[in-house]
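What follows is a single structure, written as structure tokens, with notes after it.
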Amino acid sequence: MVKHNNVVPNGHFKKHWQNYVKTWFNQPARKKRRRIARQKKAVKIFPRPTAGPLRPIVHGQTQKYNMKVRAGRGFSLEELKAAGIPKKLAPTIGIAVDHRRKNRSLESLQGNVQRLKTYKAKLVVFPRTARKLKAGDSSPEELATATQVQGKYLPITQEKPSLELVKVTDEMKNFNAYAKLRVERMNRRLVGVRLKKAAEAEKDEKK
């Protein structure tokens with residue numbers, strides 16, 4: 001006998017539950033397929049880096065994320081000019097360009113210019129034809145030792161704020177922060193009343 005004031009049990013077991021079940025048996029095969037595709041792409045784009053073109057360091061949007069840095073779409077024209085790289089040459093040597101981006105701070109501009117210069121110093125440019133070397137192409141010795149960069153290069157790291165450790169003094173221990181806050185809050189609230197009183201007292205003195 002069913003006890004207590006509960007719902008009368010009437011199980012709904014006539015739905016075709018097998019039609020609503022999702023399986024994921026193809027996951028291992030997909031993993032293998034993606035891995036093979038990455039390997040084929042690396043061979044196809046050799047000697048270019050597998051991670052794609054170089055991206056700038058930018059700050060996230062809005063107050064929630066603007067303390068974090070991430071990879072942007074492309075380097076601004078101002079950054080390329082400061083680094084001495086023509087805007088039409090940049091995409092051909094693996095540098096992403098974003099002609100719409102504007103530089104709004106000197107620090108980010110200098111940081112990205114330095115990033116471009118570091119990249120340029122490490123860059124090995126292969127000639128279009130093996131026998132004809134043009135200006136800007138790397139020497140045969142550099143070409144012989146060049147390898148394809150796998151994974152991330154010039155990675156973007158988050159800067160951790162440095163903490164300064166201070167020895168706790170007796171003055172700090174005896175300081176009552178709550179009382180101080182209450183007094184300062186009261187001072188701010190009564191500033192108008194006190195100014196009015198002071199002005200009235202000054203008038204009375206003059207009379």
Side-chain angles (χ1 to χ4, degrees), residues 27 30-166 184 188:
Q27 189 266 337
R30 279 190 175 181
K31 182 182 178 181
K32 187 178 177 182
R33 186 172 71 186
R34 284 196 299 267
R35 185 161 163 267
I36 292 165
R38 282 196 298 271
Q39 288 170 348
K40 282 183 179 177
K41 186 184 176 184
V43 171
K44 189 181 176 182
I45 66 169
F46 181 86
R48 297 176 191 88
T50 56
L54 182 73
R55 306 278 179 186
I57 297 172
V58 298
H59 284 266
Q61 295 292 300
T62 71
Q63 279 191 325
K64 188 176 181 181
Y65 299 108
N66 64 8
M67 79 293 292
K68 290 187 176 181
V69 289
R70 60 175 180 83
R73 183 186 177 88
F75 290 90
S76 68
L77 301 179
E78 195 180 346
E79 286 164 355
L80 291 168
K81 191 176 182 182
I85 300 168
K87 63 182 178 184
K88 290 193 175 177
L89 174 71
T92 66
I93 57 171
I95 297 168
V97 180
D98 185 6
H99 63 90
R100 291 166 295 199
R101 216 177 110 241
K102 301 273 192 298
N103 288 99
R104 290 184 171 84
S105 74
L106 186 64
E107 290 84 2
S108 69
L109 171 68
Q110 289 172 343
N112 282 324
V113 168
Q114 188 55 48
R115 189 171 167 82
L116 283 168
K117 286 179 179 175
T118 308
Y119 176 77
K120 202 176 173 185
K122 294 180 179 182
L123 185 67
V124 176
V125 181
F126 279 69
R128 285 184 181 274
T129 53
R131 292 177 186 174
K132 288 183 180 179
L133 288 172
K134 288 186 176 179
D137 293 340
S138 299
S139 63
E141 294 81 24
E142 285 179 320
L143 297 177
T145 57
T147 55
Q148 188 179 33
V149 178
Q150 303 281 341
K152 292 180 181 178
Y153 58 98
L154 297 180
I156 296 168
T157 53
Q158 301 288 341
E159 285 186 16
K160 289 185 178 179
S162 58
L163 292 172
E164 191 182 340
L165 297 173
V166 181
E184 291 303 324
R188 190 186 67 180

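Numbers for residues simply follow the sequence, beginning at 1.
Separating the CD atom in Gln39 from the CD atom in Gln150 is a distance of 9.0 Å, to the nearest 0.5 Å. The structure places CG of Leu54 at 10.0 Å from CG of Leu123, a figure rounded to the nearest 0.5 Å. Rounded to the nearest 0.5 Å, atoms CZ (Arg104) and NE2 (His59) are 13.5 Å apart. How far CG of Leu109 is from CG of Leu106: 6.0 Å, rounded to the nearest 0.5 Å. Put simply, NZ on Lys87 and OG on Ser76 are 12.0 Å apart, with the number rounded to the nearest 0.5 Å.
When all heavy atoms of Gly94 and Tyr153 are compared, the closest pair comes out as O-OH, 4.3 Å. Residues Glu79 and Val113 come closest through the heavy atom pair O-CG2, 3.7 Å. Considering all non-hydrogen atoms of both residues, Phe75 and Asn112 come closest at CE2-O, 3.8 Å. Pairing each heavy atom of Ile156 with each of Pro56, the nearest pair is CD1-O, 4.2 Å. Ile57 and Val69 make their closest contact through CG2-CB, 3.8 Å (heavy atoms, listed as atom of the first residue, atom of the second, distance). The minimum heavy-atom distance linking Tyr119 with Ile93 is given by the pair OH-O, 2.7 Å.
In this structure, Gln148 contributes its side chain and Pro49 its backbone to no donor-acceptor pair below 3.5 Å. A donor-acceptor contact shorter than 3.5 Å links the side chain of Thr50 to the backbone of Gly151. Judged purely by atom type and a 3.5 angstrom limit, Arg115 uses its side chain to pair as donor or acceptor with the backbone of Leu154. No side-chain donor-acceptor contact under 3.5 Å links Arg55 to the backbone of Gly74.
For Tyr65, the OH atom counts as loosely surrounded, since its 6.0 Å shell holds 12 or fewer non-hydrogen atoms of other residues, nucleotides or ligands. Dense packing is recorded around CZ of Arg101, with more than 12 heavy atoms of other residues, nucleotides or ligands lying under 6.0 Å away. Counting non-hydrogen atoms of other residues, nucleotides and ligands closer than 6.0 Å to CD of Gln63 gives a total of 12 or fewer. Annotation: Glu159, atom CD; neighbour count of heavy atoms from other residues, nucleotides and ligands within 6.0 Å does not exceed 12.
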Worksheet item: What's the verdict on side chain to side chain contact (heavy atoms under 4.5 Å, CB included) for Ser108 and Val58, showing C-alpha distance, side-chain angles and the deciding distance?
Response: CA-CA 7 Å; Ser108 69; Val58 298; over 6 Å; no
Worksheet entry | Chi angles and distances behind the side chain to side chain contact (heavy atoms under 4.5 Å, CB included) call for Gln114, Thr118 | CA-CA 6 Å; Gln114 188 55 48; Thr118 308; 3.7 Å; yes
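Contact of the Lys120 side chain with the Leu116 side chain is not registered, since no non-hydrogen atoms from C-beta on lie closer than 4.5 Å.
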